[in-house]
Structures are given as C-alpha cells and as structure tokens.
Number of protein chains: 2
Amino acid sequence: MPARSSRHATLLEVAREANASKTSVSRYFSGERERLSPALQRRIGEAARQLGYRPNQMARGLKGGRSRLLGMLVADIRNPYSVAVMHGVEQACRERGLSLLVANTDNDPAQERTHLALLTSYRVEGLVINAAGSPTHELQDLAEQGLPLVLLDRWLEELDADRVGLDNALAVDMAIDHLSAQGYRHLLFLSEPVGQASPRQQRWQRFEQRLADEPALNGERHDPPLDGEAVQQVVGDFLARANRPAALLCANGNVTLAATRALQALGIRLGEVGLLGIDELDWCGLVPPGITTLAQPTEAIGRAAVQQLQARLDDSGSTLPPRRTLFPPTLNERGSTRLTTFDKAPDNHSENAKETP
Amino acid sequence: MPARSSRHATLLEVAREANASKTSVSRYFSGERERLSPALQRRIGEAARQLGYRPNQMARGLKGGRSRLLGMLVADIRNPYSVAVMHGVEQACRERGLSLLVANTDNDPAQERTHLALLTSYRVEGLVINAAGSPTHELQDLAEQGLPLVLLDRWLEELDADRVGLDNALAVDMAIDHLSAQGYRHLLFLSEPVGQASPRQQRWQRFEQRLADEPALNGERHDPPLDGEAVQQVVGDFLARANRPAALLCANGNVTLAATRALQALGIRLGEVGLLGIDELDWCGLVPPGITTLAQPTEAIGRAAVQQLQARLDDSGSTLPPRRTLFPPTLNERGSTRLTTFDKAPDNHSENAKETP
DNA sequence: TTGTACGCGTTATCAA
DNA sequence: TTGATAACGCGTACAA
C-alpha cells in the first residue's frame, strides 16, 4: 500500500527506506541498474514499490535538460488526416520513450502563438508543426535557439526548416492523369480557401500548370468557403458551363465531403460527373458507387517527422542542411471516376454492375 | 533579438539584466506585476523581451507542485468520438490555462499501464481517463493519492470515481422507441465485442431489458469482430430468420460503418431494413437515404470532464462524493429509419422523394 | 560499488 | 515595495 495520503514519494524517501543513497536510487531508475549490487537492487526495488515511487520527470528535465517531451502543433485536430498523422507521430514517440504534448490551434494564428509559447515553456525537445498561420518569426527564433523542428504538411517559404509531407505535385499529376485516362476532359479543381496554406497553394498551382501545358484539357479552379451554399453554387455553375465528360478534383478531405453533398443536392450521379478526392476517408467506399481517392501514407508521414527530429537531436552541433521528405499518394480507384458505371452497388461488388445505358 | 544562440534565458539572467532580484522577476511573471513599481516593471519587461525569456514550466512545477498539466488517456485516438470529446477537453483546458498531455493506448492494456505511469511522472494535476482495459488497481492508487481523475465514457465498476458520459440507457430507449414508432418490429442489436467496455455492456443490457419488457418487440443481439466477414454473416443470417419490418441498431460509430458496408454488400436498401446508429458521423447524411443517428454532445462531455476535475482541484481537502454526469443524445432522423422511403435522394431533399413501390 | 555535494530554474518565506 | 535565502526532486561530478 502506497500509504502516503496526498503527496508523492521522493527519491530521498526511497533511499532512506532502502537504506541506500540518493545516487543509488537514481541509478536504479536511470538504466544503470546493473552497476548496483544484487542486494541493493532488491532493497531499492522493494522500497520503491512499497512507497509507490515514480521518478518526477519535471525534476529530471530540470537538471539534464531532457524533458523527454515532444511538442506537436496541430492546425485542426478534428481533421481525420491530422489525427492519422498524429497517430504515426505518437507511435514513433513511444518507440523512443518520448511523450507527446499536443496543442490544437483550431486554425487560429493567435492560439498558435500562445500554444507555441506554452510548448516551449515545457522545454519540449523537438516540435512537429502543422501550422495554421505564419508564425514565421517565432519559429525562426526557436530554430535559431537550436530547437529541432519539422514542418508537417504545411510549410512556410521563409522558414528553412525540415519538411515532411505529401508530394503535392505528384498527387495532382496522378489525379489529372487518372481522370484524363478515364475520359474526363473538363475539370473543376475545388479547394478550401487557398490563403497561406502551402499544400493548397501547391496543388492549385500544379493544376494550373497542367492546364497550361495541355491544351486538350479544360478546367477551372475555385476555392469557396465550405460552409453554406457556396460549394453547391460553384459546382452547379461549373456543370452548367462545362461540356462533358466533366469531373471534380477535390483538394482535400473536407472538400470531398462538401463536394459530395453538393452533387447529391444537385441530383447528380457520381461517375457520370467524375469525382476524385485527395485524402482517403472511412466512408469513401460507402457512397455509391464509391469515391475515388488519393490516400496519403499518414502513419509514415508522422513517423518520418519524428525520425527527422531524432536526427537533429542526435546530430546536435553540426548543422545538417534542411531536408525535405515527400511521400507519394496511393490511388484508390472507385466508381466515382468510372464514366461507364451508372450502377449503384458498392464498390466491392462492382463486378455485378448492371449497365443502365 | 534573443541573441543567445543555443540555450534558454533564465530568470536569473533577466534579473541581472534588469538590475533586479530574482524575486521581483518571478513576481513579474506570476501575476503579481501590480506589486512592482512602474519603473521596475519596465526594466524587467524590457530585459525579458530582449533576452527572449520564457518561464520554465518544468522548474515551476518542481517548486510549487503546479505543473499546469492535465493528462488524458484515450483508448482509440482514431475514433472520431474520442477526438471530438478531446476537442472539448482541450478547449476547457485552454480557458483555464492548462495544457493537455495526451496518451493514446490503441486499446492495449499494457500501453495503458505504461502511459498512466508516464502521465503521473509528469505530475499532471488531473487525469481524464477513457480506459481500454481495467487498470483498476493503478487508478485506485492514484485516486487514493489524491490525484483528481474522471472516467470518461467507459468506467470501471470497482472504481468509485467521478464519471462523465452518455446516458446509455436513455440512448437505447430513444433508439428503440424511434424504431418502434417507425414501425420496425424485429431488431438486431449490433455491437463491437462487448468485453469489459462499460458503454457496450450498458447498451447491450438495456436492449435486453426492453426486449424482455415488451413482448411485442422481437430481437437478437450480436457482437462480432468488425474486421472481416463476420458482420455481413451476422446481418445476413438475421435477415434470413427475421420477419419484417426489421431493423439494425448499431451500438457505436464503428459498428454503423461496418453495418452499412454489410447491408450494401448484401444489396439491401436502407430504410427497407432499418438502420440506426449511436454516434453521429460526418458521412451519415451522405449515404442514401441518410443514416439515422443518435448524436452524443461530445464537446459538452469533454468540457464536463475538465469541469469535474477543476471542482476536485478546488475542493482539495474535503471529500466530495463521486459524481456522475450523464448527457442525453440527440436524434438525427434520416431516411434509414423511414420505412416508406424507397428513394435514393439525399436526406435534405427527401421532399422530392419518388415513391417506388 | 557506493556516497557526498552541488546545481538546474523557480517559488515561498521571511526580513528589510 | 523589494531582496536574500531556502527549498523543490533529481542527476552527476567527484571522492571514498
């Protein structure tokens, strides 16, 4: 029984109880158990268990500067993409004996600043940053102070830090190539308001570039707000203007959701008008005839972020050049980009598709 | 310019720079700014800004025992329900100037133990626990040591702690009442493997009780593993046995997803066989004709958890009796429980429904 | 192999 | 209003 009613047992108390010195107890809990005599080990172990002793990480961090804490700044924690990446980050942390201090900013630059200060005040050993705004100056300072940090998904041009994320140009290429191969000729690129977010900018730009390069391809780009009727309006207008076969390319998961709603509201059948979304979501196979997506390797991205941080941590001293780690997406082909599929069966049963000319 | 190339400025350095004492600087950053002369305030503020000083929370926590950290143990961070609740927790934390240390256990009791130890080693001031297994003993110890903790969603009978979550009995009642009112007579209650998880047990039991009480209602209960073909098998068998009108009641969001897949694979139209899920999900309005759900007030649940912790923190001393805070769900009525709806249009356009007898 | 003594950055206590 | 000093719990030279 831990007995102590309201406080925590300390190293010193364990030492007393075990009739040993602070140093020995410290060693016992710092992976130097081997260097103690078997007898001492038993005494300390016993005493610690009896008092319910747990080393105080705060005190540990204070002395050695090793907080064993990693900070993660997330722009929108309710985004499944963010959570999936975070899961990868967390696993990688666990494998290294690190804990994760998570801060969600809800895409608010003010909160971003606050949380950044907060994270550093806990002396995190590294920072995974999925930025909302552009707290470039603050980050620059942190980087200069020698704090390892890696930019996740969204990055800031002015900040020359390590970056991990999707190969956005490749993703757009794959999307366009697939739609093109399926016979779609008139493309609508749909994004959340582009603003400062780099992935949106990059996908957007790549789309424009491809349109410019290939005269056979027609297209438009729009970034309406996702709440309200704007999306339906934009899609409706596009479809009224565009010749067929026409398709929608959604820049991320949120857009895919909004676009699917819009198409349904307009009474349009998926596939007849193509739909391809960047980001894979649980339900993409469920909406008949299934929504084609480009899945990001979220776990790998998360792990890569931590790995990069670790590299900086190990390297502390010499200045490695900033490194960019880009991952390719995976195409999940479903009915929404099958021009000839007018059937409503779920994707995994499309072999039973009945033609409805 | 923060100048210092690689370390953090300390209180002492600020004091020297400002020609003040440590105490004064400490006061300046501890909300006792008023008690300093305007001149001193200016000097300290200046010096701090110049050196880029940030109080070290680790050291703070060491001295006063105030880590300003709350710990949250999450059973499955990829579950949208968990994330939504976490969002509420996080907001409530922010309002109180607390930070959140999140630990995901992936439903693994071993990791649960580890993470629990980790969280306490950072001297979190309180713990929000969405337990995977039953680390009852560990938790009991923590509670006895005076650490405020609140059980979220899942609770452990043996542990007499504060609890926050959904009113599960009410939820099942509402589900059955709705299905019953819509004309469904033969019910299949579908759950993830019940095991130790208390919400599953409670929902399961309430379902059984209602069946026993009302002879007019027929029903079965199953808890197949969600991966693989088991769900489709169970649903198929049930539908082969049961008379109509028949309906499925899904015990949580994961089950709803699996059940929807199964019904699609079986080529069954929603509504014709009823489908009602506990937990609201992004896509429930998207799968024609929309899936009826019981939404949990996730934000409120998260906030309530922190609020409860706060109460314990404030009260420290006298022993308040354990408190249970249960929230009612909200019914989102959609096409999947509309017996007469054979139309495939999205929910928000059901007024245009064409009858297809 | 084990113990002593000091320092980490902060707050609390007390005195000026 | 300000300042000196002693903790807080732990790691780590260094000495034994």
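Letters A, B, ... mirror the listed sequences (proteins, then strands); counts begin at 1. All figures in this text were calculated on a predicted structure; none of them were measured in a lab.
For the pair B:Gln41 CD and D:dT1 P, the interatomic distance rounds to 11 Å; values are reported in whole Å. The distance between atom CG of A:Leu40 and atom P of C:dT1, rounded to the nearest whole Å, is 11 Å. The nearest whole Å value for the distance from the CG atom in A:Asn19 to the C1' atom in C:dG3 is 12 Å. Remark: P of D:dT2 and CD of B:Glu34 are 13 Å apart, rounded to the nearest angstrom. The nearest whole Å value for the distance from the CZ atom in A:Arg33 to the C1' atom in C:dT1 is 17 Å. Note: CD (A:Gln57) to C1' (D:dC8) measures 16 Å, nearest angstrom. In this structure, the OH atom of B:Tyr122 is 18 Å from the P atom of D:dG9, given to the nearest Å. Rounded to a whole Å, the CZ atom of A:Arg16 is 12 Å from the C1' atom of D:dG9.
Smallest separation of non-hydrogen atoms from B:Ala9 and B:Tyr53: O-CD1, 3.4 Å.
To the nearest 0.5 Å, atom CD of residue B:Gln196 and atom CD of residue B:Glu157 are 11.0 Å apart.
A:Arg324 is linked by a salt bridge (charged side-chain N to carboxylate O under 4.0 Å, His left out) to A:Asp160, counting only residues two or more places apart in sequence or in another chain. With sequence neighbours excluded, no residue satisfies side-chain hydrogen bond (donor to acceptor under 3.5 Å, both in side chains) with B:Arg42.
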Run the side-chain contact (heavy atoms from CB on, under 4.5 Å) check on B:Arg303 and B:Glu95 step by step: do they pass? CA-CA 10 Å; B:Arg303 304 185 87 96; B:Glu95 290 164 9; 2.2 Å; yes
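Listed pair B:Ser21 / D:dA4 fails the phosphate criterion, with no side-chain N or O lying under 4.0 Å from OP1 or OP2. A close approach under 4.0 Å does occur between a side-chain nitrogen or oxygen of A:Arg60 and OP1 or OP2 of D:dG11. One finds no side-chain N or O of A:Ser24 lying less than 4.0 angstrom from the OP1 or OP2 phosphate oxygen of C:dT1. Residue B:Tyr53 places at least one side-chain N or O closer than 4.0 Å to OP1 or OP2 of C:dT10.
Panel note: side chain A:Thr114, backbone A:Ala110; a donor-acceptor pair is recorded below 3.5 Å. In this structure a side-chain-to-backbone donor-acceptor pair under 3.5 Å is missing from B:Gln91 to B:Gly88.
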Pull out every protein N or O sitting under 3.5 Å from an N or O of nucleotides 12-16 of chain C, one pair per line with the distance.
none

